[in-house]
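On a predicted model such as this, the values are computed, not experimentally measured, just so you know.
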Amino acid sequence: MSNLVLAIDGPSGSGKSSTAKAIAIRANWSYLDTGALYRAVTLLALEKKIDSEDSLMQELSGNEISFETSPVSPKVLINGKDVSVEIRMQRINDSVSEVSAMPQVRNFLLEIQRKYITQAPVGIVVEGRDIGTVVAPHAQLKIYLHADIDARAKRREIEMLEDLATKDVEQSLSRRDEIDSTRAVSPLSQAEDAAVIDSTRLTLDEVTDQIWKWLKQRNLLGLPTIAVIGRPNVGKSTLVNRMIGRREAIVEDTPGVTRDRVKYEAEWNGRRFFLIDTGGWEVKPEGISEKITAGAEAAISEADLIMFVVDTQVGALDEDQSLVDLLRKSGKKILLVANKIDNAEDEADGYALWNLGLGEPRFVSALHGRGSGDLLDLLIEQLPEVGTQQVDDGFRRVALVGRPNVGKSSLLNALAGSARSLVDDAEGTTRDAVDELIEFGGSTWRFIDTAGIRRRAHQASGTDYYASLRTQIALERSEVALIIFDASQIITEQDIRIVSMADEAGKALVIVMNKWDLVDEERQLVLDREIDRQLERYPWAQRVNLSAKTGWHRDRLAPALRTALTSWEKRIPTAKLNAFLGELVGANPPPVRSGKQPKIKFATQAGTCPPKFVIFATEFLESAYRRFIERRLREDFGFIGTPIEVAVKLKDRDNG
């Protein structure tokens, strides 16, 4: 699957359509309502008074059902006629479950749905039922959206075109749920790797904001792209190095050193984007210059914003005007950059560039850094929120870490096994290490830096500094840490330090006790005591005992990883959180501090990945009481395999 797919499942009335359209509009992706296709078939069956599957399939062979995938005005059509309004009538609601249960109809529509998914130019949001399990099982992000029956009935009532009582709508939904749940494979089944959202007490904005955060955290939203364009030797590569904060682009005081367009990932003030460094553009290129100029023109078409760099010391030439004409024809945003302005005296020459007709020239010295911060601020302001350049492929990112000789490589090779092990060499990546894509447990996982660690192990295995550095880099890029211990050996301080690094990095966490084939009963007893004593701060971390060598219990890894990631991304609705906290504080009030009884006002979940909770109280809460709240949060809501943060903010006793 080359494009990006967001799959949203859930029962009718849970808010799938509104959420999916809002996300698709924001991301500039396509949108597909699979339920609308089933409704269209149902409308056809009712109009033709067809009650058998074979007759309906015969009717479908002579009719075209299609969908317009624009999220702004999505439409479902039968033979080119828009039936988007008709399919929302209650009579369609009452019959759609029976029609959608027909195997031949499902296969017929499944082919249509997958066609729209594969044809989406960048990404697509697909919503309905059994999307994450059947229609798009390889979707990069799967959401299961649900709500209680009252909330669903009220939402559905608003969407209906007829004046129906809430009670009637609720009965219709309940009847449809019952029909769906009695089928051999329920379309309401939740994909194992789906992120779950209870939308009962959430607004549309809250639901879409949460999904948007997940899309960003998983690098599924395209990054904006800036193409750096100009004649040869105007300082483009020097400026690129200045902007990315490291010396990667080749710089030499000779025209034409940069021959190919090269893409780098950069970040400024929390905004990430791509920079494309191009070779010098020429009006009448010859030989190798033809390819260089063609590459620059390709970068222009690829970019969301163009930075046109001119050497102020030389000034604008006739060639620059030809390039200006080309840039204007592109229809892209253009920022004119006057480079090599090293002092105030040079600025007088820079103002002459107004004559190019591209607006105000922005002064900068790429070599000395003068004006580079202001230039970056301006670029960030003008970049779109989402670009067209895909950052990642959506596979969950796993850091395989542990001290030397605990069996990391053996486990990686064992997981790859008969499945494919792919080297990721995607164009445009700037990562130093090579990642591994490995299929196991029904999913494809991206193992971070594993190939790099194995390749360099003989060079730096005895150096704590490099081992720690590689571990830190792997953790920063990962979502979940798979921390490997040698179960046959005593737990060391280095083992504990790696667990602590993962915890402090806020990553989901699974502890693997490898080499279990070497562990006898006596060692098991000793190991249990070591874990109780040395890992007492991490009782929430899942532990998997396995043997990479023999394959024993390897099948337990994928479920443990999924559980940890689900907990890492979990969000508790504010109302449910405060109901829990009210009961907890009522039964176990916080201890008196400095003669004052702290009063807890309310709490909110401030974030996910990992979950972060903020409690508003009149007095500071003792650390022991905060640990008590954390423990009870875990008992009531799970959070297996993830750190959670509980912070306290003081709120005025009277005015809170």
Side-chain angles (χ1 to χ4, degrees), residues 10-11 13-15 144-155 170 190 194-203 205-207 209-210 213 503 506 508-509 536-542 563-656:
S14 57
Y144 191 85
L145 197 60
H146 67 97
D148 65 32
I149 193 69
D150 291 337
R152 291 168 53 203
K154 289 174 183 174
R155 291 169 186 163
E170 188 173 310
Q190 177 183 321
V196 181
I197 299 179
D198 181 350
S199 68
T200 303
R201 295 178 177 84
L202 299 179
T203 65
D205 285 345
E206 288 173 327
V207 174
D209 283 348
Q210 178 57 61
K213 287 178 183 176
D503 180 29
L509 170 59
E536 61 178 352
R537 290 176 51 201
Y538 313 101
W540 43 266
Q542 295 176 98
T563 298
L565 285 165
T566 298
S567 298
W568 192 62
E569 295 174 333
K570 183 179 293 186
R571 177 174 290 278
I572 308 302
T574 301
K576 186 180 290 189
L577 177 64
N578 281 286
F580 152 81
L581 193 61
E583 292 181 11
L584 181 68
V585 173
N588 302 275
V592 174
R593 179 181 172 87
S594 302
K596 296 180 180 179
Q597 174 67 57
K599 182 180 179 182
I600 294 178
K601 298 283 191 174
F602 64 95
T604 186
Q605 184 170 353
T608 58
C609 305
K612 302 177 181 70
F613 299 92
V614 178
I615 298 172
F616 294 86
T618 56
E619 308 290 342
F620 193 75
L621 300 179
E622 299 285 356
S623 58
Y625 193 74
R626 280 185 282 127
R627 288 196 299 271
F628 165 69
I629 293 175
E630 177 184 338
R631 186 172 70 251
R632 290 296 302 273
L633 275 168
R634 292 185 181 281
E635 290 173 3
D636 280 42
F637 299 111
F639 295 113
I640 300 168
T642 180
I644 64 175
E645 300 175 14
V646 178
V648 178
K649 285 193 175 181
L650 299 185
K651 199 166 182 66
D652 185 81
R653 178 181 292 270
D654 298 318
N655 300 322

If only side-chain N and O atoms count, and only distance matters, is there a donor-acceptor pair under 3.5 Å linking D205 with T203?
no
Does E645 reach the side chain of P610, with side-chain heavy atoms less than 4.5 Å apart?
yes
Kindly give the heavy-atom pair with the smallest separation between S567 and I640, and that separation in Å.
OG-O, 2.8 Å
Rounded to the nearest 0.5 Å, how far apart are CG of L565 and OG1 of T642?
9.0 Å
Between the main-chain N or O of L145 and the side-chain N or O of S14, is there a donor-acceptor pair closer than 3.5 Å?
yes
For the residue pair P643 and P611, what are the closest heavy atoms and their distance?
O-CD, 3.5 Å
Do T200 and K576 come within less than 4.5 Å of each other through their side chains, counting heavy atoms only?
no
Taking the side chain as everything from C-beta on, heavy atoms only, tell me whether K601 gets closer than 4.5 Å to T618.
yes
Smallest separation among heavy atoms of T608 and Q605, with atom names:
CG2-NE2, 3.5 Å
Determine whether F602 and L581 make a side-chain contact, defined as any pair of heavy atoms from C-beta on separated by less than 4.5 Å.
no
Taking the side chain from W568 and the backbone from G506, do they hold a donor-acceptor pair closer than 3.5 Å?
yes
Considering all heavy atoms, the nearest I615-A603 contact:
CG1-CB, 4.1 Å
Considering only heavy atoms from C-beta outward, does the side chain of F628 approach that of P590 to under 4.5 Å?
no
Report the relative orientation of the aromatic rings in H146 and Y144; use parallel for angles under 30°, tilted for 30 to 60°, perpendicular for over 60°.
tilted
Is the F637-F613 ring centre distance short of 6.0 angstrom?
no
Would you check if R571 and E206 make a side-chain contact, meaning some heavy-atom pair closer than 4.5 Å?
no
For A575 and R201 the tightest heavy-atom approach is CB-CD, 3.1 Å
Donor-acceptor pair, distance only, cut-off 3.5 Å: does the side chain of E569 make one with the backbone of V196?
no
Less than 4.0 angstrom from a charged side-chain N to a carboxylate O is my criterion; do E630 and R634 meet it?
yes
Nearest 0.5 Å, please: how far is CG in D636 from CG in L584?
8.0 Å
Could you tell me which non-hydrogen atom of A194 sits nearest to which non-hydrogen atom of T566, and how far apart they are?
O-OG1, 4.5 Å
Side-chain heavy-atom pair L633, L577 within 4.5 angstrom cut-off:
yes
May I have the step-by-step check of side chain to side chain contact (heavy atoms under 4.5 Å, CB included) for F620 and R626, ending in yes or no?
CA-CA 10 Å; F620 193 75; R626 280 185 282 127; 3.6 Å; yes
Taking the side chain as C-beta and beyond, is there a heavy-atom pair between L202 and Q210 under 4.5 Å?
no
Determine, step by step, whether Y625 and I600 satisfy the side chain to side chain contact (heavy atoms under 4.5 Å, CB included) criterion, reporting the C-alpha distance in whole Å, the side-chain angles of both residues, the deciding distance to 0.1 Å, and the verdict.
CA-CA 12 Å; Y625 193 74; I600 294 178; 4.1 Å; yes
